[in-house]
Amino acid sequence: MNGQEILNDFMKTGPFVCVALGALVLLLIDVFLRRKWERALFASAVMLTAFVVNIQLLGDAEPGKTLFGGLVYLDGLSITVAAIILLGAILVLHLGEDYIEREGISAPGEYYCLYMLAVSGAILFSAAAEFITLFVGLEIMSMSLYCLCASSLRSERSAESALKYFFLGSFSSAFLLFGMALLFGLTGTLSLEGIGAGLQSADPLITGLALGLLLVGFLFKIGAVPFHFWIPDVYQGAPTPVTVFMACVIKASAIVAALRVLWVAFGDLQLMALWTGAIWIISFATMIIGNLAALRQRSVKRMLAYSSVAHVGYLLMGFLAPGQYGGEEAILFYLVSYTVMTIASFGIVQAVIGKDPLNDSADDVRQFNNLGERRPFLAAVMSLALLSLAGLPPGMAGLLGKFYLFNAAVKADFVGLAVVGVLASAVSCYYYLRVIVAMYFVPDTAAPEEDLSRPSFGLYGVISLCSLAIVAIGIFPGTLYARFAGLL
Amino acid sequence: MSDGSGLLSLIVFTPLVGGLLLYFVPKRDGEVNTQFVTGVALAASLLAFALSLMMLSYFDPEFTGYQLVEQSPWIESFGVSYALGIDGISILLVLLTTFLMPIVVLASHSVKQKLRAYLFHMLVLETAMLGTLVALDAFLFYVFWEFMLAPMYFIIGIWGGKRRIYATLKFVLYTVLGSLLMLVAIFYVVWVYSRQHDGAVTFLLTELIAETVLSRSEQITLFAAFALAFGIKVPIFPFHTWLPDAHVEAPTGGSVVLAGVLLKMGLYGFIRYAFPLFPEGAQYFIPLLSVLAVVGIIYGALVAWVQTDIKKLVAYSSVSHLGYCVLGFVALNVISTTGSIYQMLNHGISTGALFLLVGVLYDRRHTRDMDEYGGLAGQVPVFAFLFLVFTLSSIALPLTNGFVGEFMILTGSFQTFPVLTSIAVLGVVFGAVYMLTLYKRTMFGELNEAKNGTLPDVTPREFATFAPLLVLVFVMGIYPKPFLDLMEPTVEAYVEDLSSRFGTAVPDDVEGVLFASTQPVATVSQEVR
C-alpha cells in the first residue's frame, strides 16, 4: 500500500477524521473563544461538515468494501449509521447548549472537545472491520463518555455516575478483549470476515466461550438485561444532554457494532445457532424486565432509562432476522425513530428540570404536574414523544418502528418473541401514559407560579424538529426504509 | 370528483383539518373565543356530514363489493397501502358517526374549561373513527384503530369525573393489550400469505381473505387474537369491566361518542376482519360467542337494574344492548345480521341521546344519583318528554327504531339458536323493567327535593341537539326501509359468502378432518341445547 492509497483511504474515512480533527482544533482555539455559543456553533459546524462529507462518500460505498487493507468498512451501513450518529449528535448538542452553563460545567471547551471525540469514536466503532479498530473506536468513545458523565462538577450524582460507568465499562471492555484474544488464537486473524471463515473448523467449545465473552461486552454497552444495572444510575446522574447522547447516539453505534460482529464473524448458519438462543432469551428478558422496572420509577429520567433498556429488547429482536427477513432495515429504522423520540422526550425533561438540576427530586414525575397549562407546547411535544415511544398513533415513528421490527421477527418465525414484545409494549403504555396523566389530568396544587426557566431557542428548535420527524417518519416511512435495504 | 373518487379521504380528514384550524382561531381579549371555536368545530363536523350525504348519492346499494375505492401504496416494501372503500355495512356506520358528531359539538357547552382542546380531540377522534370504518388495508385499519385511543384518553382524562385517571388508564390499557395481539396476528396472516405467494406481500384485506389458506388450528388461534381485541372493544362479557368506569367518568360528549360509535367498532371488526379472515376459527368460536352474548344481555340488564347512578345504569344497558348486536351477528343469517347492524345504529341514537339527557341533568344538579331526583315531570315537561321517547326507544317499543332492530335480531337468531334466543328475550323484559323504573323514580311522583323545584327545562340549544335524534327515532322506527335497503344486498352476499367458506378449507389435522364437516352453523344450536 503506497502513500497515495493511504491518503485516499484517509479521505474516505472523512467523517471520522473530520470530527476528530475538529475536536483537537477546538482545544487549540478554545482560549480565543469568548462566548459560549461560539464553541457550540463550531462543534455543530464541524459535525455538519462531517455529515456532508459522509453523504459524499455514498458513491464509493459497496457492500463489504474496506479501507486501509481491511481496517474499516466503507459500505452503506457504515455511512448510514454515521449519518444517524452525526445528525443525532448535532440535535443533542443544541438541546444542551444553555444547560451546560447551568449545570456548572466549568470548561465548556473541553466538554465540546470530548463530545466530538465521543462522536468520532462512535463512528469508528460502528464501522470497524477488525477487532483492534473496533476496540480503539470503543475506547475513544467510552473514555470521552466517562469524562462527559462527570462534567457536572457541582453534582455528586454526576461524579457517582461517571465512576460507576467507568468501572463497569472497563470491566466489560476486558471481557470484550478476552473474547477477541480467544478468537485470534483460534483463527489467527482479527478481521471479522477472516474470523467468520476461520471459525468453520474451530473448536466449538472455545468458539462458544469467545462468543459468550464478546456478547457480555457488547450487551453491557447496549444495556441489555442482565447487564443493564448501570443504565438507570448513570442515566439519572449524568447531565441530561449527556444522557440523551448516550441513549440514542452511543446506543446506535453499539447496536450496529454488535450487529456487524454477530452477522459477519458469526453469520454462518452453524455459528448462528450458537447465539440465536442466547439473543432470544436476552431479548425476552430485556423487554420484560426493562418494562416492568420502568413501571415503578418516580423519577422520569430513571423511567426513560429503563424504557431505553426495554427498547434495546425490541431492537435485539431484529438481530434474529438477518438477510431477507429485514432485520437490518428494521433495526436502522427503529434507531432513527428511537433517536428522535428520545431526543424529544429527554429534551422536555431537561427543560422541566431546568433551574435546579442538582436537586434529587428535580425530575420526579410530580414536576410534570399540570405542564399542559404551564407550558402547553412542551407538554404537547412530550405527549407526542411518549405516545410514539409507546407505539400509539399519532406517534407514528414509534409505531412504524415496531411495525418493522415485529414484522421481521414474525417473518423469521419468532412469533412467540413477537407476542412477548407486544405484551411488553402494552405494559409500557402504562408508565408512558402516567407522565401524560401528570401533565394534563392532575390539577396543579403544588407547583409555584413560574418555576420553569425559559427553555433556550435551541431546545425549542430541536424538539420542534423532532416532533415533526416523529409524525413525518411515520407517515412516509417508505423512502427512509428503502435506503436501509441491503446495506450489509 | 365527479365519480366520487377521493371523497372518502375528504370525509375522513375533514374533521382533522377542522381540528387543526381551531388553533388558528383568533383570540379575543387574550382568551380563546369559545363561540368562534365551537362554530369552526361545528362547521367542520357538519361539512363531514354533508360530504357523507354526498357519498350516499354515489353509492349503489345493489353492488355488494367495495365502492368509492381509493388505493395508493403507503409502505411499498411491505405491501401496505392506503386503501379506503365502503360497502353497505360500513356506509351506515360512517353516516352514524358523521351524524352524531355535530350533535356532540353542539352539546359541548357544558364543557367549562379548555373547550378548544376538547373540540380538537373530538374532531381528531372523528377522523380516527371514520378511518377505521373505511380502511381496507389491515395495517391502515390497525393504525386508525389505535389512533382512536389517544384522543379518547385525553377526553376522559382531562374532562372526566373524579375517578377519571383510573378509568382512562384502564380503558387504554385494556384496549391496547387486545389490539397489539391483533397486530401480531395480522403479521402472521400476511407472512402466511407471503409464503404461499412466492414472497409477495400485501396487507390488503380483500386479497388476504381470498388468497390465504390457513389451517383450522391456525384460524382458531388467530381468530382468538382478533376476538380479544374486538371483544374488549364491544365489550363482550367478561371483558366489559372498563366500560362502566369509562362511561361514568367521561364527560357527556365522550360518553355519547363512546356509546354511539366507539363500541360499534368492536363488532365492526368482527364483521369486517375476524369472520371473513378466519371463517373456520369463527365457526369454532360461534357457540362461545353466542353464549357470551346472551350472558352479556342478561348480566348487563340485571346489573343495570340495581344501579342508582343514572349514567352507570345507561352504561350497563349498553352492555346488554351490544349483547343483542353480537348475538344477531353470530347467528349469521340475513335477517339477524341486518338487524344487528340496524341495532348498532339504534343504540348509537338512543343511548347517545340518553347520555345527553343525563348530561343535561348533571349540568344542572351535579349529581347522577337517582335518589336525588323525583317528580321532575311537572317541573321540566319537555325534558320529561324527551326522556320518555328515548327510554321507549331503548326498550324497543313498536314504532320506535329499537323495535325494528331487536325484532329482526330475535327473529333471525331464533332460527339459529332457539334456546339461547329464548333466554335473550328475557333481556327485553328486564330492559323494560330497569328503564321504566328509572323513568318512574326520576320523573313521576311528587317533587322530592326542594332544589329540583327550580330546575330549568331544556334550553333551545339543548333541544337542538335532541331534535335530529328525536326525528330519527321515529323515522327509523316507522319506515326503516331506506336504511335496510342500503345494507341488505351487501349483507346477503356477506352471509352467503361466509357460510360457503365454513369448513371448506382443506383441514390439515385429524381433528379438522373429523369435525370440519360436522359443525355447520345450523347444528350449533343443537350443541348448545
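Lettering of chains follows the sequences in order, A, B, ..., and the numbering in each one begins at 1.
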**OP:** For A:Tyr430, look at atom OH and say whether over 12 heavy atoms of other residues, nucleotides or ligands are found less than 6.0 Å away.
**Re:** no
Original post:
Between B:Tyr268 and B:Phe230, is the ring centre distance below 6.0 Å?
Top reply: no
**OP:** Could you tell me the separation between the OG atom of A:Ser383 and the CZ atom of B:Phe154, rounded to the nearest 0.5 Å?
**Re:** 4.0 Å
**OP:** Verify the ring-centre separation between A:Tyr481 and A:Tyr404: is it less than 6.0 angstrom?
**Re:** yes
Subject >> Residues of residues 139-148 of chain B with any heavy atom under 4.5 Å of a heavy atom in chain A >> reply: B:Phe139, B:Tyr142, B:Val143, B:Glu146, B:Phe147
**OP:** Can you tell which part of A:Thr479 gets under 4.5 Å to a heavy atom of chain B, answering side chain, backbone, both or neither?
**Re:** neither
Original post:
Are more than 12 heavy atoms from other residues, nucleotides or ligands located less than 6.0 Å from atom OH of B:Tyr23?
Top reply: yes
Subject >> A:Leu433, part contacting chain B, at a heavy-atom distance under 4.5 Å >> reply: both
Subject >> Flag side-chain contact, heavy atom, 4.5 Å: B:Glu249 against B:Thr168 >> reply: no
**OP:** Using heavy atoms and a sub-4.5 Å threshold, report which of residues 178-186 of chain B line up against chain A, by residue number.
**Re:** B:Leu180, B:Leu181, B:Val184
Original post:
For A:Glu373, is it the side chain, the backbone, both, or neither that has a heavy atom closer than 4.5 Å to a heavy atom of chain B?
Top reply: side chain
**OP:** Report the distance from atom CG of A:Asn291 to atom OH of A:Tyr306, rounding to the nearest 0.5 Å.
**Re:** 12.0 Å
Subject >> Close aromatic pair by centroid cut-off 6.0 Å: B:Tyr153 and A:Phe441 >> reply: yes
Subject >> Close aromatic pair by centroid cut-off 6.0 Å: B:Trp191 and B:Phe187 >> reply: no
Original post:
Is the A:Phe403 to B:Phe203 ring centre distance short of 6.0 Å?
Top reply: yes
Original post:
Most heavy-atom pairs under 4.5 angstrom with chain A, which of B:Phe78, B:Trp74, B:Tyr188?
Top reply: B:Phe78
**OP:** Return the orientation label for the B:Trp242 and B:Phe171 ring planes: parallel under 30°, perpendicular over 60°, tilted otherwise.
**Re:** tilted
**OP:** Considering only heavy atoms and a distance below 4.5 Å, find which of B:Pro151, B:Gly157, B:Ser194, B:Pro73 pairs most often with chain A.
**Re:** B:Gly157
Subject >> Part of B:Leu149 within contact of chain A (heavy atom distance under 4.5 Å) >> reply: side chain
Subject >> Pairs of heavy atoms under 4.5 Å with chain A: top-ranked of B:Ile158, B:Val124, B:Val80 >> reply: B:Ile158
Original post:
Would you call the rings of A:Tyr338 and A:His311 parallel, tilted or perpendicular, where under 30° means parallel and over 60° means perpendicular?
Top reply: tilted
